[in-house]
Amino acid sequence: EAQVTQNPRYLITVTGKKLTVTCSQNMNHEYMSWYRQDPGLGLRQIYYSMNVEVTDKGDVPEGYKVSRKEKRNFPLILESPSPNQTSLYFCASSRWLAGVSGELFFGEGSRLTVL
Amino acid sequence: GQQVMQIPQYQHVQEGEDFTTYCNSSTTLSNIQWYKQRPGGHPVFLIQLVKSGEVKKQKRLTFQFGEAKKNSSLHITATQTTDVGTYFCAGPDSGGSNYKLTFGKGTLLTVNP
């Protein structure tokens, strides 16, 4: 079954404690991306990756890091989480053909609370 | 940077009424995508429009892409309770990187049975 898998689904942590949210896709997609969703603000892109070792900033990259060492995995790293990073996070992947993105497949979401 | 505006932010309808949400971009879009997110769920792809003036239908849903490729709409005929959710449009960033997808803030549709 084609899917994007995120872990953990729920996490409560404290300010400053480094954490990683993993994301894996089994569709051999070139493009992967992280979004955060906050009430009234919709989906905002954090980072995206066009392929292995190719990443770039989205609209709200501050406080986050990513890596793309393998095509299927795209972890999101919060080196020193702060309360303003409390949010619902989605990982997504898609094909990218002839400069046009295909449909985005989203993971189930990871709800993060930073105290 | 590019802005994608969606209106209305909320829409409450009686079951059986029609519903329309509008998406407007500050720049010309190469394509536009629409997604639906059920309460507590994740966004799910509905459709992609690429051509100027394109109209596509999926059962009771009709999607349009404007002639200038700067606006789009989603119309639902005779809403049902299963249509409840937030509808998002998304378009690629036409300014620097074509790989950034900017989402509108979405329209939350609630349906009274």
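Reckoned from all heavy atoms, side chains included, excluding hydrogens, waters and symmetry mates. Convention: sequence-line order gives letters A, B, ...; per-chain numbering from 1.
- Under the 4.5 Å side-chain heavy-atom criterion for ILVMFWY residues, no single connected hydrophobic cluster contains both A:V66 and A:L43.
- When A:S33, A:G107, A:G109 are compared by the number of non-hydrogen pairs under 4.5 Å with chain B, A:G107 comes out ahead.
- A continuous path of hydrophobic side-chain contacts links A:L11 to A:L78 [ILVMFWY only; heavy atoms under 4.5 Å].
- Transitive grouping of hydrophobic side chains (ILVMFWY, heavy atoms separated by less than 4.5 Å) keeps A:V114 and A:I77 in distinct clusters.
- Only the side chain of B:T102 comes within contact range of chain A, with heavy atoms under 4.5 Å apart.
- In this structure a side-chain-to-backbone donor-acceptor pair under 3.5 Å is missing from A:E103 to B:Q33.
- Hydrophobic clustering, with ILVMFWY side chains joined whenever heavy atoms are under 4.5 angstrom apart, groups B:L74 together with B:I47.
- Counting non-hydrogen atoms of other residues, nucleotides and ligands closer than 6.0 Å to NZ of A:K71 gives a total above 12.
- Here B:F45 and A:F106 keep their ring centres 6.0 angstrom or further from each other.
- Within 6.0 Å of atom CE in A:M27, more than 12 heavy atoms from other residues, nucleotides or ligands are found, so the atom counts as buried in its surroundings.
- No single ILVMFWY cluster, assembled from side-chain heavy atoms under 4.5 Å apart, contains both A:I46 and A:L88.
- Side-chain contact between A:Y48 and B:L101 is absent, with no heavy atoms from C-beta onward closer than 4.5 Å.
- Heavy atoms only, all atoms of each residue included: B:F88 and A:G42 are closest at CE2-CA, 4.2 Å.
- For B:Y35 against A:L104, the heavy-atom pair with the smallest separation is OH-N, 2.9 Å.
- Going from atom OG of A:S94 over to atom CD of B:Q48 covers 9.0 Å, rounded to the nearest 0.5 Å.
- By the neighbour-count criterion of 12 heavy atoms within 6.0 Å, atom CD1 of A:I12 is sparsely surrounded, having that number or fewer from other residues, nucleotides or ligands.
- B:Q37 is listed as a side-chain neighbour of A:F90, based on a closest heavy-atom distance under 4.5 Å.
- To the nearest 0.5 Å, atoms NZ (B:K105) and CG (A:D38) are separated by 11.0 Å.
- Ranking A:R44, A:R111, A:Q45 against chain B, the residue ahead of the rest is A:Q45, based on heavy-atom pairs under 4.5 Å.
- Heavy atoms closer than 4.5 Å to chain B are found in the side chain of A:Y31, but not in its backbone.
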